[in-house]
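Contents: one structure, followed by commentary.
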Amino acid sequence: MNIFEANQACKQIDGIMILKEVSLSISKGEKVAITGNNGSGKSSLLKLIGGIYEETAGKVKRFQNNIGYVPEHFPESIRFKLQDYLILMGKMTNKSDEEMFKRIANYAELFSITEFLTTPLNHCSKGTKQKAGIIQALLKNPDLLLLDEPLTGLDDKAKIELTNQLSLLSGDKTIIFTAHEPLLIERIANRVLTVESGRIVSDSTVKGNKEKFICIRAKIPAREIIEDIPSIKYKVIGMNSVEIIVSTKESDKVLAILLNRGCSILELTEKR
Amino acid sequence: MSAFIRYQLISFVRSLKFIPPFAIFFVWVFILYAYKNVPILSSYGASSIAMYLIMTWITMSIFTLDEESEKHILISHLKRKVSYLFGKWLTILVIMMPLLLFAIFYPIFTESFKGDMSLKLYVYAFYSHLAFMTFGILVGTLFSATKLATKKYAWLSSVLIIVVSLSSKSIIEISSFFKWIMWIFPPVFKVIGYMEGEDQVLLNTSVIIDSVFVAIYLIIVAVMLVSLFRKKER
């Protein structure tokens, strides 16, 4: 099922044609990377897909309106604490407060920013702001997630961390992102669009590079011992059992840490 | 929408942008009623004019509060672009209410008026303040939420509109040609024209016709602004 269709769509801003004759269709569940040089029209194409920009010529059909948008630069002048900001953004879409608070707590844990929840956003690091930007979009539970250069300005560690967390997100979401760097494209995208001077010059499907994940079920002596393990998503089951999801690349390292810390492995399954 | 309004109100208060217009408004009202036994209608007329200027200022501050990327995030949560405009207008209405009540009741509590208030005077006082506040909101919106907002002299142009509309009577006296241009400016004299002289409001045909004209003017301008906002956000 297509969620976006464009036929010869153009976008002009202040007399400059920034997108030219874009013909494109995107299906539900696709993970699309938009690449290209600076000023090539990547962000504009992303905004056209999301409806932030509307076409000045040609035809565009958007079949969804539940969009989560993450801008390239998280706004600098937001005057809220991280948690207050997320609550207000969440309340704009969520009907139940209880469910929303739970989701904020879960995402804060997933993105490792729980300790900054009471920090004013303008005192947070670039990486924390970037994660806040992603969480506000996820709180909508969007069908289509648009990310504009999500790794810009992050250090290498934060880039790997954020890429891991993005790749752990639900598989049925359509994710479209602009990126310069191969890391995010290799790990997440199954389709790559290349834009040059406002035109799509290449549209390729990537096969077999989608990262596989391992689901580890383990018995743990205490919850604290898994809290500092990087690049994992975990869910505590019962008193002393945990389900950990980790990329295959990292799985050996995580298994070694678990065994060293006195955990016993109950089950290992492959997941996509 | 209530979360959006709360977001805007908190953001506006924390930006401290409310201080200059609020301070000027309160000082204006205090000075206006510094003397006792002042006429009712012309005093309300003067505070209505203050509201016109202040609401233009507040509207422009509210519309320039969000960065471009912040606006895009908020629109994505509101789903429709036009909800952003309506949300901003509702925020301005919330800010406007205490100012309106203060402008109406301060002189009554301080017993500054020469005569007594009547129901007709209350109705006309609320009407004139609300009309001038709406003029201000619409002028502010024109220069901060449409393509005119990106122009260099947006703030100056909005002041020009206010000044021209307030001096429209004298401008028309210079040459009747201006009469045909003046109808595009907020029809302030169709409201304060009845606030001179004696402290009584006559509910005659001309007051009713002028009030209907003002209401139609406000609706047409509001509809035009929605379409200009949509055009800007395309």
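So you know, we letter chains A, B, ... as the sequences are listed, proteins then strands, and number each from 1.
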Does the [X] side chain pair with the main chain of [Y], one donor and one acceptor, at a distance under 3.5 Å?
X: A:Lys140; Y: B:Ser76; value: yes
X: B:Lys79; Y: A:Ile67; value: no
X: A:Lys91; Y: B:Met1; value: no
X: A:Gln136; Y: B:Ile73; value: no
X: B:Arg234; Y: A:Tyr53; value: no

Within a radius of less than 6.0 Å around [atom1] of [X], do more than 12 heavy atoms belonging to other residues, nucleotides or ligands occur?
X: A:Glu196; atom1: CD; result: no
X: A:Lys28; atom1: NZ; result: no
X: B:Tyr153; atom1: OH; result: no
X: A:Lys81; atom1: NZ; result: no

Rounded to the nearest 0.5 Å, what separates atom OG1 in A:Thr93 from atom CG in B:Leu78?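 Separation between the atoms: 8.5 Å.
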
Roughly how far apart are A:Tyr85 OH and B:Ser11 OG, rounded to 0.5 Å?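 It is 10.5 Å, given to the nearest 0.5 Å.
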
Side chain, backbone, both or neither: which part of A:Glu72 has a heavy atom under 4.5 Å from chain B?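 Interface part for A:Glu72: neither.
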
Could you pull out the closest heavy-atom pair between B:Glu67 and A:Ser77, with the gap in Å?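 In this case the closest contact between B:Glu67 and A:Ser77 is OE2-N, 2.7 Å.
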
With under 30° as parallel and over 60° as perpendicular, where do the rings of B:Tyr7 and A:Phe80 fit, or are they tilted in between? tilted

So, do B:Leu74 and A:Met89 sit near enough that their side-chain heavy atoms are less than 4.5 Å apart?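 Sidechains of A:Met89 and B:Leu74: in contact.
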
Begin with the C-alpha distance, continue with both residues' side-chain angles, and end with the deciding distance and a verdict on side-chain contact (heavy atoms from CB on, under 4.5 Å) for A:Lys47 and B:His72. CA-CA 9 Å; A:Lys47 287 174 183 164; B:His72 290 154; 4.2 Å; yes

Heavy atoms only, distances under 4.5 angstrom: which of B:Glu233, B:Arg6, B:Glu68, B:Lys81 has the most pairs with chain A? Name it, please. B:Lys81

Could you check whether A:Arg79 pairs with B:Glu70 (Lys NZ or Arg NE/NH1/NH2 to Asp/Glu carboxylate O, under 4.0 Å)? no

So what's closer than 4.5 Å to chain A heavy atoms on B:Ser15: side chain, backbone, both or neither? both

